[in-house]
Amino acid sequence: MIDVMDILTDLNPKQREAVEAISGPVLVVAGPGSGKTKTLTHRIAHLVQKGVDPTNILALTFTNKAADEIKLRVSRLLTHSGRPWLGTFHSVCARILRSTARYIGHTPDFTIYDEDDSLDLVKSVMRKLSIEQKQWSPAKIRAIISSAKNELQNPEDYEIAATDHFSKLVSKVYALYQKQLTDQNALDFDDILTKTIQLFEQNPRILEHYQTQFKYVLVDEFQDTNAVQYKIANLLAQKHGNLYCIGDLDQSIYSFRGADYRNILYFEKDWPTAKVITLEQNYRSTQNILDVAHAIISQNSNRKEKRLWTENGKGEDIVVKEVETERDEGDFIVSELERLVREKHLRLCDFVVLYRTNAQSRAIEESFLRNGFPYKIIGGIRFFQRKEVKDLLSWLKICLNPNDALALERASAMPARFLQQKLGSKIETVMLLTNDFSQKSKTLKLPEFLEYVIEHTGFEQYVRDGTEKGDERWDNVRGLLSVSLKYESEEPEVALRSLLQEAALAQETDTIAYEKDLTNLMTLHSVKGLEFPVVFIAGCEQGLLPHSRALFGANFDDIEEERRLCYVGVTRAKQKLYLLFARQRTIFGKIQSNPPSQFLQNLPEHLITFIPAEEETIIELD
DNA sequence: CAGACGACTATTTTT
DNA sequence: TAGTCGTCTG
């Protein structure tokens, strides 16, 4: 156990204030690199040091990555005693709902539908209602249903509010969609949150139970909460009033999926006695980088003024580089990288290349390939989202929840010729197989059970069609098998449940290879929370950053979010920052020419080195 | 029912 | 340009 003083002496005065203000509501505005996670973890440790039982502490995050990081750091600070409740909003709510499922009309083995499942269900509902999918995009309808849920509108509420033709149509889909979910004993991601609220509102004693338990509630990345999540945190903290929220409005970049940074403003209204602490000392970047970041973000009107400072010194100029084409952009990045590795003895993993859209990675990759520099693309399709993985998992889902019609449909959709190796007609085959699997799932260890399912569904022949992609698919299936190994020692049913829960809620993200000697390439969104000595931001052009959608819509908020995105990118840099723009670029097979990003316009000139495109650049005709 | 072909579309992404 | 989706064809 670490000494109380150690936990506090390691902090600057503001951080220490945030850690020590343990009673009452606290809002911490934490700029990039200001020790947000440190403050949160030290606060938890401090509470325990003060004698608070860890089970009375609830810490909520948005991503599993953040939850894992906090878990790890808290466990380093506290070598004894129980663990706090610590996890994503979804995992904590799912945990609560598993033990209270009957109050919301489900059984504890409810299935969690991810976004793809949810879309499949919307499509199936639309087919049932004979709604033309060409005319009305299922994805759009799904998104509308999702936002309705996030405004706590149930199908009846939505129907009442629906006036125009389209809304009425959506209302029909929503009603049947929700009914199907209930019938199938399934919850979508939004339900996990909204059903928790429903549970609390309809069962005051259950709410009271959790309110009593959670004497201290902490919320990480508060700017990313949506209305429902904020309400959950608020409800849970109501009894003791010890609600601690930490975040940064300037780094809110997920409003497109429901995050509402205004929660930070509502917080002060809901908790008028809240202590507000701003962390402005930055431990990551040079002052030049912070000044440029400030020049960008201060153009936003929706923000609270704060000014980051550092003891790291001014550092180097920020490089603004003009290039002719996206090919030159990639080549410039690689040549700078090569030069810095040679001159400054940096490693390839000290660099990161950032871009607004995934499509931009292509040209940059090609430069890396041409010059023989290793790289890794972060992002893309997640493991549990892959078709072959979902296909295989659907067989497992049926074992736990035979009402899961989506899983049943998915499993049945596997070409009969693979299944028929063993048994009779298709529908019988699926039935017979699932019956058999259900039995086996109770007795076989999880990895053995998976092997069994793979063998009896002809899964290898199914995914492995002799192509390279087929081998890749097979690798993913083997990957699932290795995931299952960590549940090997558990009871078969518990293990199965855990695996499916992980598949639904713990979407494994690519890990950044800090230790490997290669350069990471990723979107501006993916880089949030990370830091690198040298940062390249490619494509600083009107239409790309800010993205044309935000530009075209002329929506004020959208442009401000793009600016925050740019700010997030800039503040990842520890020592050196490059902002690049191309005079022309091929987008969707057409050559476009866009002016430099408006975000480059107000940068303090004395901090910038501008390098124009080389005039003799030969534009290749092709 | 598997594969081919043309039409269509095209931020960002976590749970 | 490139990936997805629905329809058509053998």
Q | A:Lys231/A:Glu201 ion pair, N-O < 4.0 Å | A | yes
With the criterion being N/O to N/O and under 3.5 Å, what pairs connect the protein with nucleotides 2-4 of chain B, and how long is each?
{"from": "B:dA2", "atom 1": "OP1", "to": "A:Arg417", "atom 2": "NE", "distance (Å)": "3.1"}

Q. Taking everything shown except A:Leu72 itself, do over 12 heavy atoms lie less than 6.0 Å from its CG?
A. yes
Q. Hey, what do you get for CG (A:Leu97) to NZ (A:Lys195), rounding to the nearest 0.5 Å?
A. 9.5 Å
Q | Any A:Thr523 side-chain nitrogen or oxygen under 4.0 Å from OP1 or OP2 of B:dT13 | A | yes
Q: Establish, for the pair A:Arg410 and A:Trp395, whether the NZ or CZ atom is under 6.0 angstrom from the six-membered ring centre and no further than 45 degrees off its axis.
A: no
Protein-nucleotides 9-11 of chain B N/O pairs closer than 3.5 Å?
{"from": "B:dT11", "atom 1": "O4'", "to": "A:His547", "atom 2": "NE2", "distance (Å)": "3.4"}

Q | A:Glu115 CD to B:dT15 P, straight-line distance once rounded to whole Å | A | 12 Å
Q. Can a salt bridge be assigned to the pair A:Lys36 and A:Asp248 using a cut-off of 4.0 Å between side-chain N and carboxylate O?
A. no
(Q) Expressed as a whole number of angstroms, how long is the span from A:Ile378:CD1 to B:dT12:P? (A) 16 Å
Q. So does A:Arg73 pair up with A:Glu69, basic N to acidic O under 4.0 Å?
A. yes
Q. Say you draw a straight line from CD of A:Glu326 to CZ of A:Arg362; how long is it, rounded to the nearest 0.5 Å?
A. 11.5 Å
(Q) Within the 4.5 Å heavy-atom criterion, are A:Phe200 and A:Ile96 side-chain neighbours or not? (A) yes
**Q.** Rounded P spacing from B:dT12 to C:dC5 in Å
**A.** 16 Å
Q.
Base, sugar-phosphate or nothing for A:Glu561? Non-hydrogen atoms, less than 4.0 Å.
A. nothing
Q) Which part of the nucleic acid, if any, lies within reach of A:Tyr254 when heavy atoms closer than 4.0 Å are counted: base, sugar-phosphate only, or nothing? A) sugar-phosphate
